[in-house]
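One structure is given below, encoded as structure tokens.
Per chain, numbering begins at 1; letters A, B, ... match sequence-line order.
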2 protein chains.
Amino acid sequence: MDSGYVTLEQVAEHAGVSLATASRVINGSTRQVSQRLRDRVTASAQELGYLANASAQTLARNSSSLVGLLVHDIADPYFSSIAAGVTRCAEEQGLVLVLGSTGRSAQKEGRVLAALRSHRAKAVILVGSRSTDEESNARLAREIEAFRRQGGRVACVSQPGLPADTVSPDNASGAAALARHLMGLGHRRFAILAGPSDLRTARERLDGFHGALSAAGLELDHNNVMHGAFTRDGGYESTRRLMTLGTDATCMFAVNDVMATGAMAALRDLGMKVPEDLSVAGFDDIPTLRDLTPALTTVRLPLEEMGEQAAGLALDADHEGDFRVVTVPGEVVARESTAPPTVR
Amino acid sequence: MDSGYVTLEQVAEHAGVSLATASRVINGSTRQVSQRLRDRVTASAQELGYLANASAQTLARNSSSLVGLLVHDIADPYFSSIAAGVTRCAEEQGLVLVLGSTGRSAQKEGRVLAALRSHRAKAVILVGSRSTDEESNARLAREIEAFRRQGGRVACVSQPGLPADTVSPDNASGAAALARHLMGLGHRRFAILAGPSDLRTARERLDGFHGALSAAGLELDHNNVMHGAFTRDGGYESTRRLMTLGTDATCMFAVNDVMATGAMAALRDLGMKVPEDLSVAGFDDIPTLRDLTPALTTVRLPLEEMGEQAAGLALDADHEGDFRVVTVPGEVVARESTAPPTVR
DNA sequence: CACGTCCCGGAAAACTCTTTCCCAGAGTAG
DNA sequence: CTACTCTGGGAAAGAGTTTTCCGGGACGTG
């Protein structure tokens, strides 16, 4: 019961070959090794219970098997769904996933990125849109460049515009399609829970929705657009505020499902019925939230697949050219939370 | 604009000191370095943009700043909540979190554990109960031992009985308290969605609930205990099965919230009203599921805190004695999904 | 003033791999 | 039969840190 480590040198000695040969057998390099020695080495490794020292390998190869995943909040089902896709993909390739939860802090993000660089991570996947603040985006772009210069690959989800491969939902089109669907039900006056005004994803969904209304000749009353946090509680708060101020809307669009969840809770607390008193629609189609009642009309995004795709982009080593952008369409899913407006 | 790396040697040269001195300054070893040299080194490091090579450090120190977190499924809100707590704690200590999603496969679990060993991870946190299968538990125990022999620390959440520090919810007491609460409402005949029969957590909750019923002189009809998957769909399926077979229960206990969610969906699809036709209670109090209607009566567990506590146990370096067990009490939260039984 | 002690700087070994370079032997073409 | 090319094995040079060990100077004591 030795408590120490078995090194490759010990394996080599046990097998009666040189260190070089042992290394070539264990990691399957380009060089050939005769079947005889090959068997001897694998048998010895097996017998001694050899486990390679990952840091030594990383040091020697100057490249590790680590892959980074940066999300804002892993407890948010939006991110955890994407994370599940990334995990699956990383595991398939025998890579080790490093999870960073940044809480939307650019500083934390920088720290994690530096740690990944310091570990010579093979790739990093940045999930979730940053602010539209030019300066912090520029800093992020620089960090990405530094990462890439060191031989790492970078992919983003939901953050187009960065110097990296990107998987991005078509927020504008999805929101526009949703708007058209809702207009088709007969709605003419909308309220929007628009999330933070400087968040790219929120902004695109708002603009897409707004654009479709305009195209149909409808105005969007400024008083009906509420900005607030991109969370369940943000949706709750914004809705209460909206209702306190009063609104003539017959339908409310929350730019993501968790905000819509908060909205429905607020309406319930206010004694309003969805969809009878007000229709509510969201965006994302978070799996865990599909069991809400009334079931939420929303725009479905294949979150897990998006995670897988991003991982695929980041790990597809032999691509060198321009940055690829995969646009993921959203699909309107009509459920019970929306209905034709009640005639008053 | 060099595309390469800055090494400590370059920093040392730039500062006009030896490699040893530079190392002592940068990582703050036990040895003293004069203020003068200290300043010179930090200035040089700053100026050159030095970033330590983590694998070289790991190799030299034989210990890394990696911490592993093993969950069954990161998309499950139970695990992602706990993960959020662990992440926070790890980040505070400047550690890098490695996420492994095992999908309840002992084999995958073994692979991730080996990877962590190979990286000389400082600690690993195993979340979620394994099966009650003796053999796979023994194998896991051996892996844990191997990990610890290499100097790593181990903590578990919800998996007592392993040779490691443990944070464990008091499943039996929580379920018993819930049972008493439901009996207090007037229920006498219960149905139970019991999850997999070989899953420790599920079993404990079932036994705790059952025990409280027995203590009150109530029988639990075997036909009213449904085993099935520990998931939303498992809950859905089990409920449909139960209803097809027919039941005299007035109240249903699902051993976790996600199963309860599936149960409520199934009841809705069958045209039954909760709680009028049947009361439903769950366990865990998953934050994302708090907005279900009717709101779910459940047993609240402080999931994020549990994650933090586990991380705390695993990272509290100067504890050497026996395995510590932190038992986390659950608190019954009465909501709308349960009500006194309707007199028929 | 001689001697021991302390403090701090540097040289070099150690950590465990990968990979380059060299070499011996076998096979092949002329 | 010579000269050349392959093939596969081994020695050794890295990769970037940490840490041990050694030594020189300052300081205090007798």
Mind checking if [X] touches a base, just sugar-phosphate, or nothing, with heavy atoms under 4.0 Å?
X: B:Leu19; answer: base
X: A:Asn53; answer: sugar-phosphate
X: B:Ser34; answer: sugar-phosphate
X: B:Thr7; answer: sugar-phosphate

Net bend of the helix from C:dC1-D:dG30 to C:dG30-D:dC1, end axes of five pairs each, nearest 10 degrees: 50°
Please check if the side chain of A:Ser64 supplies one atom and the backbone of A:His119 the other of a donor-acceptor pair under 3.5 Å. yes
Under-4.0 Å salt bridge between A:Arg104 and A:Asp73: no
Would you mind reading off the distance between [X] atom [atom1] and [N] atom [atom2], rounded to a whole angstrom?
X: A:Tyr5; N: C:dT16; atom1: OH; atom2: P; answer: 9 Å
X: B:Leu8; N: C:dA11; atom1: CG; atom2: C1'; answer: 15 Å
X: B:Glu9; N: C:dA12; atom1: CD; atom2: P; answer: 13 Å
X: B:Asn62; N: C:dT16; atom1: CG; atom2: C1'; answer: 10 Å

Kindly indicate whether a cation-pi arrangement holds for B:Arg120 with A:Tyr5, taking the cut-offs as under 6.0 Å to the six-membered ring centre and within 45° of the axis. yes
Go through DNA chain D in 5' to 3' direction and return only the first and the last nucleotide with some atom under 4.0 Å of chain A's heavy atoms. D:dG8 to D:dG16
Is it the case that more than 12 heavy atoms not belonging to A:Gln10 sit under 6.0 Å from its CD atom? yes
